[in-house]
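Since the structure comes first, as structure tokens, the remarks are kept for the end.
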Amino acid sequence: MKLLSQTRLFVANAKWFTFDDLLSMECEMAVFQKHTFTEEDVKKFINLWIAGNNQNLMHLRLEGFKLAPNWEHILEGIGYGVWDENLKRRPRKYNVHYIYRMEEIDCKNGIDFERKIDGKIGTVMYQSNHIDFFVWQDLKD
């Protein structure tokens with residue numbers, strides 16, 4: 001499907017979008033509203049990203065989670081950490097570049113994990129009514 005190979009994807013009514021679609025997309029940035037994804041899908045997505053899936057992804061936003069997710073369940077079996085200013089593993093803020101503006105997102109409360117195949121850091125966090133997943137690019141060791 002050509003839609004899944006777009007660089008940027010915004011779907012206002014994503015009820016038809018399946019988990020398999022999520023895994024096969026080649027987008028750098030994707031935002032889904034009115035989707036049917038669950039915490040279990042978020043857990044599977046993170047595990048598959050760590051295993052090497054969605055290599056082009058830089059930012060995924062799933063809007064519509066009314067309650068904070070059960071991170072203990074989602075991150076079960078995953079080695080993860082939290083942002084620490086002293087470690088300088090990744091910046092505190094993530095800049096999302098839209099076509100006509102930029103959004104700076106404070107990821108201080110994000111949960112970090114590393115993809116072993118390339119060392120990239122992924123961060124997941126909940127704010128307001130959405131789950132954001134970020135991939136940090138070009139981090140210096």
Side-chain angles (χ1 to χ4, degrees), residues 1-15 17-141:
M1 183 188 286
K2 282 189 170 196
L3 181 65
L4 300 176
S5 62
Q6 299 298 312
T7 304
R8 295 171 183 265
L9 181 63
F10 180 90
V11 183
N13 187 358
K15 290 178 183 175
F17 212 80
T18 69
F19 185 74
D20 288 338
D21 292 332
L22 191 64
L23 292 182
S24 63
M25 71 179 185
E26 298 174 20
C27 304
E28 292 177 1
M29 186 175 102
V31 176
F32 297 102
Q33 297 176 331
K34 297 181 183 173
H35 58 80
T36 59
F37 299 122
T38 65
E39 285 186 13
E40 199 61 35
D41 293 326
V42 173
K43 178 179 183 168
K44 287 190 293 188
F45 183 84
I46 291 170
N47 278 286
L48 290 167
W49 181 85
I50 290 172
N53 206 42
N54 295 86
Q55 298 232 354
N56 296 329
L57 186 65
M58 295 188 305
H59 179 215
L60 171 66
R61 177 171 284 173
L62 301 174
E63 295 186 4
F65 285 89
K66 291 184 172 57
L67 301 173
N70 179 348
W71 291 120
E72 189 174 303
H73 171 70
I74 291 173
L75 299 169
E76 183 180 14
I78 296 174
Y80 64 89
V82 295
W83 182 76
D84 184 341
E85 184 175 18
N86 297 320
L87 292 179
K88 306 238 186 274
R89 218 171 148 194
R90 65 154 172 93
R92 176 176 171 167
K93 296 183 179 180
Y94 191 95
N95 293 318
V96 179
H97 300 274
Y98 298 103
I99 293 173
Y100 296 109
R101 67 180 177 92
M102 186 177 76
E103 179 182 9
E104 186 177 77
I105 300 172
D106 189 343
C107 296
K108 177 183 177 186
N109 296 322
I111 300 167
D112 302 335
F113 33 85
E114 182 177 344
R115 182 163 56 191
K116 301 300 180 205
I117 63 167
D118 58 11
K120 288 195 175 180
I121 303 294
T123 298
V124 67
M125 60 185 269
Y126 173 82
Q127 57 183 1
S128 300
N129 72 336
H130 58 271
I131 293 176
D132 276 313
F133 179 81
F134 305 102
V135 180
W136 299 88
Q137 305 293 318
D138 303 322
L139 293 178
K140 305 291 186 245
D141 291 334

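Just the heavy atoms: all of them, side chains too, but no hydrogens, waters or symmetry mates, feed the values below. What you see is a predicted model, and the numbers here were worked out from it, not measured in a lab. Sequential numbering from 1 along the given sequence is applied to the chain's residues.
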Pairing of D84 and R89 as salt bridge, 4.0 angstrom limit: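 No salt bridge links D84 with R89.
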Partner set under salt bridge (charged side-chain N to carboxylate O under 4.0 Å, His left out) for D118, not counting sequence neighbours: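 Salt bridge (charged side-chain N to carboxylate O under 4.0 Å, His left out) check on D118 returns R115.
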Distance (rounded to the nearest 0.5 Å) between [X] [atom1] and [Y] [atom2]:
X    : Y    : atom1 : atom2 : result
W71  : E76  : CH2   : CD    : 14.5 Å
H97  : M102 : NE2   : CE    : 5.5 Å
L23  : D20  : CG    : CG    : 6.0 Å
I105 : Q127 : CD1   : CD    : 6.0 Å
H59  : W136 : NE2   : CH2   : 10.5 Å
E26  : L9   : CD    : CG    : 12.0 Å

Can any side-chain N or O of [X] pair as donor or acceptor with the backbone N or O of [Y] at less than 3.5 Å?
X    : Y    : result
S128 : H130 : no
Y126 : F65  : yes
N47  : K44  : no
N70  : H73  : yes

Non-hydrogen atoms of I74 and K43 that approach each other most closely: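 So the two residues come closest at O-CG, 3.2 Å.
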Closest contact, heavy atoms only, W83 versus K108: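 Distance-wise, the nearest heavy atoms are CB-O, 3.6 Å.
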Side chains of [X] and [Y]: closer than 4.5 Å at any heavy-atom pair?
X    : Y    : result
M29  : T7   : no
F19  : E40  : no
R8   : V31  : no
L75  : I111 : yes
H35  : L62  : yes
I46  : I78  : yes
M125 : I131 : no
L22  : F32  : yes

Can you tell me if [X] has over 12 outside heavy atoms packed within less than 6.0 Å of its [atom1]?
X    : atom1 : value
Q137 : CD    : yes
L67  : CG    : no
E103 : CD    : yes

Partner of V124 by side chain to side chain contact (heavy atoms under 4.5 Å, CB included), out of W49, F133, F45, F134: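 When W49, F133, F45, F134 are each tested with V124, the side chain to side chain contact (heavy atoms under 4.5 Å, CB included) holds only for F133.
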Test side chain to side chain contact (heavy atoms under 4.5 Å, CB included) applied to L60 and M25, step by step: CA-CA 11 Å; L60 171 66; M25 71 179 185; 4.0 Å; yes
Stepwise salt bridge (charged side-chain N to carboxylate O under 4.0 Å, His left out) check, D132 with R61: CA-CA 5 Å; D132 276 313; R61 177 171 284 173; 2.7 Å; yes
Worked check of salt bridge (charged side-chain N to carboxylate O under 4.0 Å, His left out) between D112 and R90: CA-CA 9 Å; D112 302 335; R90 65 154 172 93; 2.9 Å; yes
